[in-house]
Amino acid sequence: VQLQASGGGLVQAGESLRLSCVVSGRDVSKYTISWFRQVSGKEREFVAGITWSGGTTHSDYVKDRFTISRDSDKNTVYLSMNSLKPADTGIYYCATGGSALGSTWYISSYLAGYEYWGQGTQVTVSS
């Protein structure tokens, strides 16, 4: 299983980015896929996740600004980020874990809940 994250870059506060996570070796329509981020000096934290059935969860600090979605035909999961803030600066990782066709609603926010991780993509938001 491999995950390839891309789409990061340097933007100004208030602008938007869309991250992509191309998954190989695992069908995104059968597994949970999530995004995490690591801000400098802090532990990696959960951002958003989508279950195999399309159920989504977004962390409180990105709710109403970020949206996770997927394209099953492309086996790709996206993270659309609007109204970006300097505090959103960090490395964004996609990850997958759990069993196929598991929970339709529960999405783990813990690192231990994910077996496979992408390499990360850098997002930098300037003020």
Side-chain angles (χ1 to χ4, degrees):
V1 179
Q2 293 186 327
L3 298 92
Q4 181 72 39
S6 63
L10 171 63
V11 297
Q12 293 188 332
E15 293 185 339
S16 301
L17 278 175
R18 189 177 77 160
L19 306 183
S20 299
C21 176
V22 179
V23 181
S24 57
R26 177 165 284 192
D27 188 339
V28 301
S29 64
K30 293 182 179 178
Y31 291 88
T32 291
I33 310 292
S34 293
W35 286 96
F36 287 74
R37 69 185 183 188
Q38 188 154 20
V39 177
S40 179
K42 295 185 177 181
E43 294 185 353
R44 199 171 296 188
E45 61 185 10
F46 175 82
V47 175
I50 184 167
T51 69
W52 68 270
S53 65
T56 62
T57 297
H58 298 77
S59 63
D60 288 342
Y61 37 84
V62 304
K63 199 173 294 184
D64 299 328
R65 298 189 299 124
F66 292 10
T67 303
I68 190 170
S69 62
R70 71 173 180 219
D71 184 334
S72 298
D73 291 338
K74 296 181 179 179
N75 219 42
T76 300
V77 174
Y78 303 99
L79 184 67
S80 298
M81 307 186 294
N82 299 317
S83 302
L84 282 161
K85 305 175 182 180
D88 296 317
T89 293
I91 302 175
Y92 284 70
Y93 300 88
C94 53
T96 182
S99 56
L101 304 178
S103 176
T104 59
W105 60 271
Y106 173 72
I107 298 172
S108 175
S109 61
Y110 298 100
L111 303 182
Y114 298 84
E115 300 103 333
Y116 302 99
W117 293 80
Q119 85 291 356
T121 184
Q122 175 72 45
V123 172
T124 303
V125 185
S126 64
S127 57

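Just so it is clear, the values below take in all heavy atoms, side chains as well, and ignore hydrogens, waters and symmetry mates. Here, residue 1 is the first one in the sequence, and each next residue gets the next number.
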Quick one: does [X]'s side chain get under 4.5 Å of [Y]'s, heavy atoms only?
X	Y	value
Ser34	Ile107	yes
Val22	Asn75	no
Tyr114	Thr32	yes
Thr76	Val28	no
Thr89	Gln122	yes
Val123	Arg37	no

Point-to-point distance, once rounded to the nearest 0.5 Å, from [atom1] of [X] to [atom2] of [Y]:
X	Y	atom1	atom2	result
Lys30	Ser72	NZ	OG	11.0 Å
Met81	Thr67	CE	OG1	11.0 Å
Lys42	Ser40	NZ	OG	10.0 Å
Ile33	Ser69	CD1	OG	12.5 Å
Leu111	Glu43	CG	CD	7.5 Å
Lys85	Ser127	NZ	OG	14.0 Å

Under 3.5 Å donor-acceptor, [X] side chain and [Y] backbone:
X	Y	result
Trp105	Gly55	no
Gln119	Ala5	yes
Arg26	Ala100	no
Thr51	Thr104	yes

Original post:
Any chance CD of Gln2 has more than 12 other-residue heavy atoms, nucleotides or ligands included, within less than 6.0 Å?
Top reply: no
**OP:** Start with the C-alpha distance between Asp60 and Lys63, add both sets of side-chain angles, then the distance that settles salt bridge (Lys or Arg N to Asp or Glu O under 4.0 Å), and finish with yes or no.
**Re:** CA-CA 5 Å; Asp60 288 342; Lys63 199 173 294 184; 3.2 Å; yes
**OP:** Examine Arg18 relative to Tyr78 and say whether NZ or CZ is less than 6.0 Å from the centre of the six-membered ring and inside a 45° cone about the ring axis.
**Re:** yes
**OP:** May I ask you to check if Arg44 and Tyr93 form a cation-pi contact, with NZ or CZ under 6.0 angstrom from the six-membered ring centre and within 45° of the axis?
**Re:** yes
What are the two closest non-hydrogen atoms of [X] and [Y], and how far apart are they?
X	Y	result
Ala48	Leu79	CB-CD1, 4.2 Å
Ser83	Asp88	O-OD2, 4.4 Å
Ser103	Tyr106	OG-N, 2.8 Å

Say whether [X] and [Y] are linked into one hydrophobic cluster, either directly or through other cluster members, by side-chain heavy-atom distances under 4.5 angstrom.
X	Y	answer
Val23	Trp35	yes
Phe46	Phe66	no
Val47	Tyr116	yes
Ile91	Ile68	no
Val1	Ile50	yes

**OP:** Run the ring-centre check on Trp117 versus Phe36 and record whether the distance is less than 6.0 Å.
**Re:** yes
